[in-house]
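Let me begin by presenting the structure, written as structure tokens, before commenting on it.
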Protein chains: 2
Amino acid sequence: MTAKRVAHATSQGKGRPRAFDRAQALTRALTVFWRKGYAPASVADLCKAMEINPPSLYAAFGNKASLFLEALRHYEQTYWEAPSRRFMANPDVYAAVDSFFREAAQILLSPETPCGCMVVLAAINISEEEKAIIETVRELRLATKHMFSDRLRQAIQDGQIPPDTDVPALAGALNTLLEGLSIQARDGLFQSELKAIAAHAVRMLPPRPTMPAAR
Amino acid sequence: MTAKRVAHATSQGKGRPRAFDRAQALTRALTVFWRKGYAPASVADLCKAMEINPPSLYAAFGNKASLFLEALRHYEQTYWEAPSRRFMANPDVYAAVDSFFREAAQILLSPETPCGCMVVLAAINISEEEKAIIETVRELRLATKHMFSDRLRQAIQDGQIPPDTDVPALAGALNTLLEGLSIQARDGLFQSELKAIAAHAVRMLPPRPTMPAAR
DNA sequence: GTATTTTTTTAGCAGTCAGTAAAAAAACAA
DNA sequence: TTGTTTTTTTACTGACTGCTAAAAAAATAC
């Protein structure tokens with residue numbers, strides 16, 4: 001019944017067992033990439049935070065770029081999946097936008113990593129050779145815009161906003177404001193300031209039809 | 001009447017004359033920094049574009065950081081001074097915002113450098129040691145927000161928007177949208193798409209009071 | 001002309017980068 | 001025990017980074 005090392009899920013077969021928790025190491029790498037961005041996060045920085053040596057990093061994650069991409073996937077799932085689902089599920093488009101931007105402001109200034117969105121910021125000013133990373137973050141940003149578009153089309157179907165609404169432009173504007181929030185977060189705005197800005201997202205929607213005054 | 005080299009303004013005194021046009025070299029450095037960002041623009045890249053060798057660069061501009069700061073000042077003056085003045089001078093705040101964002105979209109996708117705003121993007125993900133650069137771009141971004149605030153307060157005085165308008169938040173929102181546009185520009189949006197988004201800036205202002213129907 | 005000053009080119013510095021070769025160590029299989 | 005497999009640690013690689021020493025070149029001053 002020798003316990004040995006139970007560190008993680010599958011106690012593998014032969015060979016020396018991995019001495020570190022891969023998931024924990026990935027989370028720590030995520031934090032470094034999130035705070036510093038892709039390029040300034042050196043392999044030495046990452047190794048220090050992950051408490052492993054370079055060969056272990058390369059054996060477990062391939063290279064710096066693929067470690068980043070895996071951290072990025074983890075980031076998306078951990079922080080944005082639930083808010084996105086709530087956004088799409090909220091039956092009132094005004095409330096949906098308002099809640100989503102409120103939640104976003106909270107994520108962008110989350111106490112442990114108050115440094116904006118990793119998708120928006122981490123791969124800016126990266127070497128042009130890192131095409132995989134550039135394209136991946138670009139597509140994730142595009143996906144958010146498409147999410148806005150989908151929800152706005154639903155709102156048209158629900159009769160909440162006019163059918164002649166310019167959906168691509170409005171979705172683009174919401175996406176632009178959301179991405180701009182990351183720069184505000186990095187510039188050191190307070191949570192309260194960020195939320196006051198985020199509250200303006202809903203104002204870009206067509207005005208809610210006012211009840212014709214009953215008389 | 002030997003002409004020799006008239007390259008630039010002041011034909012200096014003693015010593016071997018500079019063989020390159022300092023202003024032109026600065027402009028070329030600006031282009032490199034604008035397109036690639038501060039960190040990925042290597043001194044070798046800059047020298048190649050400026051058509052000089054490193055010692056000439058260091059003699060004329062100090063070092064990479066001060067070259068960037070000088071290029072940044074030149075960028076501000078060249079591209080943003082006039083639009084900002086027009087923005088402040090436009091007597092109608094709605095027209096002012098609309099025009100400014102339209103002009104901004106044009107600058108961010110200007111044919112020679114269609115890569116967003118240098119103030120917003122060039123110094124993101126920079127080494128934390130470059131405090132002078134980080135602080136300078138931060139303050140330039142802040143200055144734009146203050147410009148929005150000033151113009152909005154004027155609009156209140158002019159009775160164009162309600163006196164209870166949350167000026168800091170609205171100025172922050174405009175600033176956030178403006179900065180977000182840079183990321184859109186870098187993501188490859190067309191001029192038309194960028195302008196359609198920019199047109200939503202004015203929608204964040206309090207709604208223009210509708211003429212009470214004369215009856 | 002010669003001396004002085006400044007910029008030029010050439011070559012290379014020390015430091016950091018991402019990534020790896022080699023060997024020791026720790027598990028299992030027989 | 002002995003062999004096999006995989007991960008560990010240690011030390012290091014070549015390439016690139018910002019930057020500069022040294023000497024040649026081109027101007028003026030006398």
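If you're wondering where the values come from, they're calculated on a predicted model, not measured in any experiment.
- The interatomic distance linking A/E51 (CD) with D/dT8 (C1') rounds to 15 Å, in whole Å.
- Nearer to the 5' terminus of DNA chain C, by closest-nucleotide assignment, is the contact made by A/S42 (compared with the other of A/P55 and A/S42).
- The side chain of B/R16 lies closest to C/dT8, out of C/dT8, C/dG19, D/dT8.
- OP1 or OP2 of C/dG19 sits under 4.0 Å from a side-chain N or O of A/Y58.
- Remark: A/E70 engages A/R22 in a salt bridge, criterion side-chain N to carboxylate O under 4.0 Å.
- Distance, B/Y38 OH to D/dT17 C1': 11 Å, rounded to whole Å.
- With contacts defined as side-chain heavy-atom distances shorter than 4.5 Å, the pair B/M147/B/F100 qualifies.
- Relative to the side chain of A/K14, the nucleotides D/dC19, C/dC28, C/dG19 differ in distance, and C/dC28 lies closest.
- Residue order along DNA chain C, read from the 5' end via each residue's closest nucleotide, puts B/P54 first among B/P54 and A/V43.
- B/S56 has a side-chain polar atom (N or O) that falls below the 4.0 Å cut-off from OP1 or OP2 of C/dT8.
- Regarding A/F20, its CZ atom lies at a distance of 12 Å from the C1' atom of D/dT6, rounded to whole Å.
- Side-chain contact check for B/T78 versus B/L30: every heavy-atom pair is 4.5 Å or farther apart.
- At whole-Å resolution of the value, NZ in A/K36 and P in C/dA18 are 10 Å apart.
- For the pair A/K64 NZ and D/dC16 P, the computed distance is 16 Å after rounding to whole Å.
- Between A/I52 atom CD1 and C/dG19 atom P the separation is 13 Å, expressed in whole Å.
- With C/dT5, D/dA27, C/dG19 as the candidates, the nucleotide lying closest to the side chain of A/N63 is C/dG19.
- Among the nucleotides D/dT20, C/dG19, C/dT9, the one closest to the side chain of B/N53 is C/dT9.
- Counting heavy atoms from C-beta outward, B/F148 and B/L178 have side chains that approach closer than 4.5 Å.
- With rounding to whole Å, A/K48 atom NZ is found 12 Å from C/dC17 atom P.
- In the model, B/Q184 has no side-chain atom that pairs as donor or acceptor with a side-chain atom of B/E193 under 3.5 Å.
- Rounded to an integer number of Å, the gap from A/L46 CG to C/dT16 P is 17 Å.
- Using a 4.0 Å heavy-atom criterion, one finds that B/A41 contacts the sugar-phosphate atoms exclusively.
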